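Only one structure is covered here, and it is reproduced in the block below.
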Number of protein chains: 2
Amino acid sequence: MINLFDNISEKEMLKLKKILKSNSQIFKKNVNVLSNVNRDDFIALIEYGSIELIYTDYEGSKTVIEELSAGEVFGTLTSSIKNEEISCFTKEDTKITFIEYDQITNDDIIKTDFYIIFIKNLIKILTEQLNTRNIRIELLTKKTTRDKLLSYFKYIDKKTGGGSKTIKLPLSYTELASYLSVDRSAMTREITSLKNEGFIKTKGRKITLLY
Amino acid sequence: MINLFDNISEKEMLKLKKILKSNSQIFKKNVNVLSNVNRDDFIALIEYGSIELIYTDYEGSKTVIEELSAGEVFGTLTSSIKNEEISCFTKEDTKITFIEYDQITNDDIIKTDFYIIFIKNLIKILTEQLNTRNIRIELLTKKTTRDKLLSYFKYIDKKTGGGSKTIKLPLSYTELASYLSVDRSAMTREITSLKNEGFIKTKGRKITLLY
DNA sequence: AAATACTTGTTGCATTTGCAACACTTTACA
DNA sequence: TGTAAAGTGTTGCAAATGCAACAAGTATTT
């Protein structure tokens, strides 16, 4: 996973943050980060901690769009935060650096050596997020829970190198059900069937793929 | 919807394309655009015509990820095209301009006046695509076909200005079923129920929202 | 260390959904 | 223009899924 300041030294990074007129804030656990934030276009970088982006629809029902942790980025570029349909809650004590989007092309920064690196990092981050979304869409369009699970396991396997055939789930089963948008109990039922039919073996969150 | 060359004059655009060493190709209908394309990082701009991005999973089953038309952009930045799981077919005669990603930071272009405009356009495009994906994820995570439909209609209403209460579907019902990942006949059944229960009225692809 | 909050597995039952098959209409194109 | 292809509406039936409720296990917090 790429970081906004990859290939930029610590020293340059501090300089860059200053030129960008960035502003850092520390939030306690379970706090709505965007409640008093100016919703002009901005980029938010998680320095430490983690957050959840939550979408609330016209009926008031909520969906977790994404969970992000240290080093990751969110903001008006990656979610339609402006429309106030998206809220952002800390999952633990979290420090966030805010950068106004317009600043990324201010006169001072354009003159720096590392401007192009910074921009390329930003583009790369957006690209990675797009791929993340594409994969989730691909999983969500599967017709059955079984297909969702088998495809998800393959995806994790591939992402973590592939070949080993034993994967470790990066989420709890409860979170996985939510990610795949299936009822948790129905999902557990399906996992039990997959075990009985010899597709997988499980031990806690470790899953051995036999297909 | 933003275009890669928005706020850049025709003349500058031609200059820019030259500096970027871009390469244009015309494809007939129903052709696999990426079959002989170098899959290094690239940006593809649809000059005219339209295409479909199709994902093929490990089992060989296919999902349409996106349909794109004139002015829109795809490429390794917006989909994991490199892994060859994604193919791209023309839906009609289509002209595409390819730009190698590394060229967007070549020495000549950085010196031009419109470089920052170009980069901002590119970032904006990626951002819009992310929002498009977020919305689809939001719809796909709805538990019932009814919720998917009602939310989708609201979304189209909002996207096209809102308020009028009569929307025109931008896709066929068959395509909509695929987009929402539900069985077409089951979806039609649900639409019929929605009509009977007074949530909507329909006339072809025109739908009046009464909720 | 106890209390409280989350996670996981299980099951019966009602509901929703997908599937298959068909008729009819509309659109594309040779 | 006539034929093929694609889109739409409908229905019965089987299968998959969501829901509710509960028990037991793990983590967290104070």
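In what follows, chains carry the letters A, B, and so on, assigned in the order in which the sequence lines appear, proteins first and then strands, with residues in each chain numbered from 1. The model shown is predicted, which means the values in this text are computed figures rather than measured ones.
A/K143 has its NZ atom 13 Å from the C1' atom of D/dA16, to the nearest Å. Rounded to whole angstrom, the span from the CG atom of A/D183 across to the P atom of C/dT15 amounts to 16 Å. For the pair A/D147 CG and C/dC19 P, the interatomic distance rounds to 10 Å; values are reported in whole Å. Summarising the geometry, the separation between NZ on A/K203 and P on D/dT26 is reported as 13 Å, rounded to the nearest angstrom. The distance from atom CD1 of B/I191 to atom P of C/dT16 is 16 Å, rounded to the nearest whole Å. For A/E92 and C/dC6, the CD to P distance is 16 Å, given to the nearest whole Å. Here the C1' atom of nucleotide C/dT16 and the CG atom of B/L150 are 15 Å apart, to the nearest Å. Rounded to whole Å, the distance from CD on A/E175 to C1' on C/dC6 is 11 Å.
No cation-pi contact links B/K142 to B/Y152, judged by a cut-off of 6.0 Å to the six-membered ring centre and 45° from its axis.
The base of C/dC19 lies close enough to the side chain of B/S185 for a donor and an acceptor atom to sit less than 3.5 Å apart. Taking 3.5 Å as the limit, the base of C/dG9 and the side chain of A/R184 contain a donor-acceptor pair of atoms between them. Taking 3.5 Å as the limit, the base of C/dC6 and the side chain of A/T174 contain no donor-acceptor pair of atoms between them.
As judged by a 4.0 angstrom heavy-atom cut-off over every strand, B/K29 is placed among residues touching the sugar-phosphate backbone only. Counting any heavy atom pair closer than 4.0 Å across all strands shown, A/R146 reaches no nucleic acid atom.
Annotation: of the two residues near DNA chain D, B/R189 and B/Y173, the 5′-most nearest-nucleotide partner is B/Y173. Comparing B/M187 and A/T192 by the nucleotide of DNA chain C whose heavy atom lies nearest to each, the residue mapping closer to the 5' end is A/T192.
Remark: the backbone N or O of A/S181 is not paired with any side-chain donor or acceptor of B/T141 at under 3.5 angstrom. Judged purely by atom type and a 3.5 angstrom limit, B/N32 has no side-chain atom pairing as donor or acceptor with the backbone of B/F89. A/T94 places no side-chain N or O within donor-acceptor distance of the main-chain N or O of A/G49, the cut-off being under 3.5 Å.
Close to C/dT17, at under 4.0 Å from its OP1 or OP2, lies a side-chain N or O of B/T145. Between A/T144 and C/dG18, a side-chain N or O to OP1/OP2 separation shorter than 4.0 Å is absent.
Checked options A/E128, A/E66, A/E138; the residue passing with A/R133 is A/E66 (criterion: salt bridge (Lys or Arg N to Asp or Glu O under 4.0 Å)).
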